[in-house]
Amino acid sequence: MNKRFSILICILLFAGLWPVQAWSANIMDTLFYGVVARENGDIARARMAFSEVVERDPQNAYAWLQLGIINAISGNTDGALRMFDRANTAGGERFSRLWRVMALLRDDKDNEAAAELQKLLQEAPQSALADYLMGLLSCRQGLPVQALEYFEKSQSRNAPGAEIHYLLARAFESMDMPVNARIEYETALEYEPTHARALIGLSRVFAQTGETNLAQRSLEQLLASNPQSAEAATLLSRYASDKAFEAWSKKDRETAQRFWRKALEYDRQNEAALYYLRTLAKQTAPEVNKNVSPDTTSSAH
């Protein structure tokens, strides 16, 4: 699969501008720096950070997993599998095997992915997620009866349906597989229409594939069910600001003003909206004064 997709998550604590060396005093800081860099699409810095972590702590399974994901989305499936094996050795257990499956699926190596899942099911026979993945694989291989058997097994585990599909969607999203991620987010929402994290994830997928209106609709759905969702409000405010900037660039001040006001409805702290609304107010004030003649002013007194 050669679909480009980057993950958009509202992690704003750090700008990602500091060198990795500045974080090396603390492994957890370096690990967090790597997470932020990867979420911001800075793969090179993320790779540097996670590589530093495993150099200093070879048993850090999470860092090995992240290096595996980075290799997978960079097209180096063999390198990804080696990193996932290291994660398993370091204690990643079946999570690393699941990531191996995702990497093989991304590379369209269905038979190898099926073999990995069979091993996982031998180690963890009650894994609803593994059964579900086997069902998906069976569908891709043209085995509908077998697929149905695995789907029924997955449902019989009594695991929360929405959560399984959400977790799988996040995995597909991380592996640069947006079409699969969208399907799983939407399936999670069939089970639980107000699943907040699924709605946020679906909005990310829509935003990155250029379907901004659908992204906004997902966030509005979340805000309707959870008015306290700061993340949904912030993202909706940002979308409104983007439309305002577009109108501003076309010198359509009326439309820009309308969207900046909309941005403030979602987020009263939107500094861009506050700044440009003040700017518009200053620009319109002289125009009102020009319409009042000096004679009219003096006669009023």
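Since the structure is predicted, the reported quantities are computational estimates derived from the model, not experimental observations. All values below were derived from every heavy atom in this structure, side-chain atoms included, with hydrogens, water molecules and symmetry-related copies excluded.
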(request) Could you please spell out the steps behind the side-chain contact (heavy atoms from CB on, under 4.5 Å) verdict for F206 and T212? (result) CA-CA 6 Å; F206 283 139; T212 308; over 6 Å; no
(message) Apply side-chain contact (heavy atoms from CB on, under 4.5 Å) to residues L81 and L104 and explain how you reach the verdict.
(response) CA-CA 9 Å; L81 296 177; L104 291 166; 4.1 Å; yes
(request) Starting from the C-alpha separation in whole Å, work towards a yes-or-no answer on side-chain contact (heavy atoms from CB on, under 4.5 Å) for R278 and L274. (result) CA-CA 6 Å; R278 285 196 299 265; L274 290 168; 3.8 Å; yes
(request) For the pair E123 and R97, evaluate salt bridge (Lys or Arg N to Asp or Glu O under 4.0 Å) and give the outcome as yes or no after the intermediate values. (result) CA-CA 10 Å; E123 299 169 1; R97 195 176 294 284; 2.9 Å; yes
(request) Might you work through the side-chain contact (heavy atoms from CB on, under 4.5 Å) test for T187 and I183, ending with a clear yes or no? (result) CA-CA 6 Å; T187 305; I183 291 171; 4.2 Å; yes
(message) Test salt bridge (Lys or Arg N to Asp or Glu O under 4.0 Å) on R100 and D85; report intermediate values, then the result.
(response) CA-CA 8 Å; R100 283 179 62 87; D85 285 342; 2.8 Å; yes
(request) Go through N226 and T194 one step at a time and tell me if the side-chain hydrogen bond (donor to acceptor under 3.5 Å, both in side chains) criterion holds. (result) CA-CA 8 Å; N226 181 12; T194 59; over 6 Å; no
(message) Q141 vs N111, test: side-chain hydrogen bond (donor to acceptor under 3.5 Å, both in side chains). Steps then yes/no.
(response) CA-CA 9 Å; Q141 294 172 329; N111 291 334; 3.2 Å; yes
(request) Verify side-chain hydrogen bond (donor to acceptor under 3.5 Å, both in side chains) between E271 and Y275, making sure each step is shown before the conclusion. (result) CA-CA 6 Å; E271 294 184 3; Y275 171 79; over 6 Å; no
(request) For R170 and E173, run salt bridge (Lys or Arg N to Asp or Glu O under 4.0 Å): C-alpha distance rounded to whole Å, both residues' side-chain angles, the deciding distance at 0.1 Å, then the answer. (result) CA-CA 5 Å; R170 288 291 290 135; E173 191 179 350; 3.2 Å; yes
(message) Using the rule given for side-chain hydrogen bond (donor to acceptor under 3.5 Å, both in side chains), can you reason through T209 versus E211, listing the C-alpha separation, both sets of side-chain angles and the distance that settles it, and then say yes or no?
(response) CA-CA 6 Å; T209 54; E211 299 172 278; 3.0 Å; yes
(request) Please lay out, stage by stage, how R56 and E52 fare under the test salt bridge (Lys or Arg N to Asp or Glu O under 4.0 Å). (result) CA-CA 6 Å; R56 298 174 61 194; E52 180 179 332; 3.6 Å; yes
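Side-chain N/O atoms of Q257 and K262 include no donor and acceptor closer than 3.5 Å. Between the side chains of R45 and Y33, at least one donor N or O lies within less than 3.5 Å of an accepting N or O.
Looking at D242 and E246, their side chains never come closer than 4.5 Å, going by heavy atoms from C-beta outward. Between L65 and M83 the shortest side-chain heavy-atom distance does not fall below 4.5 Å. Taking the side chain as every heavy atom from C-beta outward, F172 and V205 never approach each other to under 4.5 Å. Counting heavy atoms from C-beta on, the side chains of Y150 and L136 never come closer than 4.5 Å. Residues L133 and L168 have side chains in contact (heavy-atom distance under 4.5 Å, counting atoms from C-beta outward). Contact check for V54 versus F50: no side-chain heavy atoms found under the 4.5 Å cut-off. Within the 4.5 Å cutoff, the side chain of L264 has no heavy atoms near those of the S237 side chain. Using a 4.5 Å heavy-atom cutoff, the side chains of R47 and S74 are in contact.
Minimum heavy-atom separation, S154 to A128: OG-O, 2.9 Å. Here the shortest heavy-atom pairing between G34 and A46 reads O-CB, 3.6 Å. The shortest heavy-atom contact between S203 and S218 is CB-CB, 4.1 Å. In terms of heavy atoms, A130 sits closest to S127 at N-OG, 3.1 Å. Closest non-hydrogen pair, A273 versus A263, comes out as CB-CB, 4.1 Å. When all heavy atoms of A63 and L31 are compared, the closest pair comes out as CB-CD1, 4.0 Å.
E220 CD to N213 CG: the interatomic distance, rounded to the nearest 0.5 Å, is 9.5 Å. Here the straight-line distance linking atom CD1 of I70 with atom OG of S51 works out to 7.5 Å at 0.5 Å rounding. Here the CG-CD distance, from L137 to Q146, works out to 9.5 Å after rounding to the nearest 0.5 Å. A distance of 11.5 Å separates CG of L280 from NZ of K282, quoted to the nearest 0.5 Å. Taking OG of S174 as the reference point, atom CD1 of I73 lies at 8.5 Å (rounded to 0.5 Å). Distance check, rounded to the nearest 0.5 Å: CG of L222 to CG of L202 gives 11.0 Å.
Remark: aromatic rings of F84 and W64 are distant, center separation not under 6.0 Å. A distance below 6.0 Å separates the ring centres of F245 and W260. Remark: aromatic rings of Y132 and H165 are close, center separation under 6.0 Å.
Under a cutoff of 6.0 Å and an axis angle of 45°, R197 and Y166 form a cation-pi pair.
Residues D108 and R140 are paired through a salt bridge, judged by an N-O separation under 4.0 Å between the basic side chain and the carboxylate. Salt bridge absent: E149 and K153 never bring a charged side-chain N and a carboxylate O closer than 4.0 Å. In summary, E265 and R261 do not engage in a salt bridge, as defined by a charged side-chain N under 4.0 Å from a carboxylate O. With respect to D107 and K109, a salt bridge is recorded, a charged nitrogen being found less than 4.0 Å from a carboxylate O.
Two different hydrophobic clusters hold F151 and V145 under the rule that ILVMFWY side chains link at heavy-atom gaps under 4.5 Å. Linking Ile, Leu, Val, Met, Phe, Trp and Tyr whenever their side-chain heavy atoms come within less than 4.5 Å puts L121 and L129 in one cluster. Using a 4.5 Å cut-off between side-chain heavy atoms of Ile, Leu, Val, Met, Phe, Trp and Tyr, with links allowed through other members, F259 and W248 fall into different hydrophobic clusters. Under a hydrophobic-cluster definition in which Ile, Leu, Val, Met, Phe, Trp and Tyr are linked whenever side-chain heavy atoms come within less than 4.5 Å, directly or via other members, L189 and I200 are assigned to the same cluster.
At least one donor-acceptor pair under 3.5 Å links the side chain of N71 to the backbone N or O of L67. Of the possible polar contacts, one joining the R106 side chain to the M175 backbone as a donor-acceptor pair under 3.5 Å is found. Side-chain atoms of S229 do not come within 3.5 Å of backbone N or O of L223 as any donor-acceptor pair.
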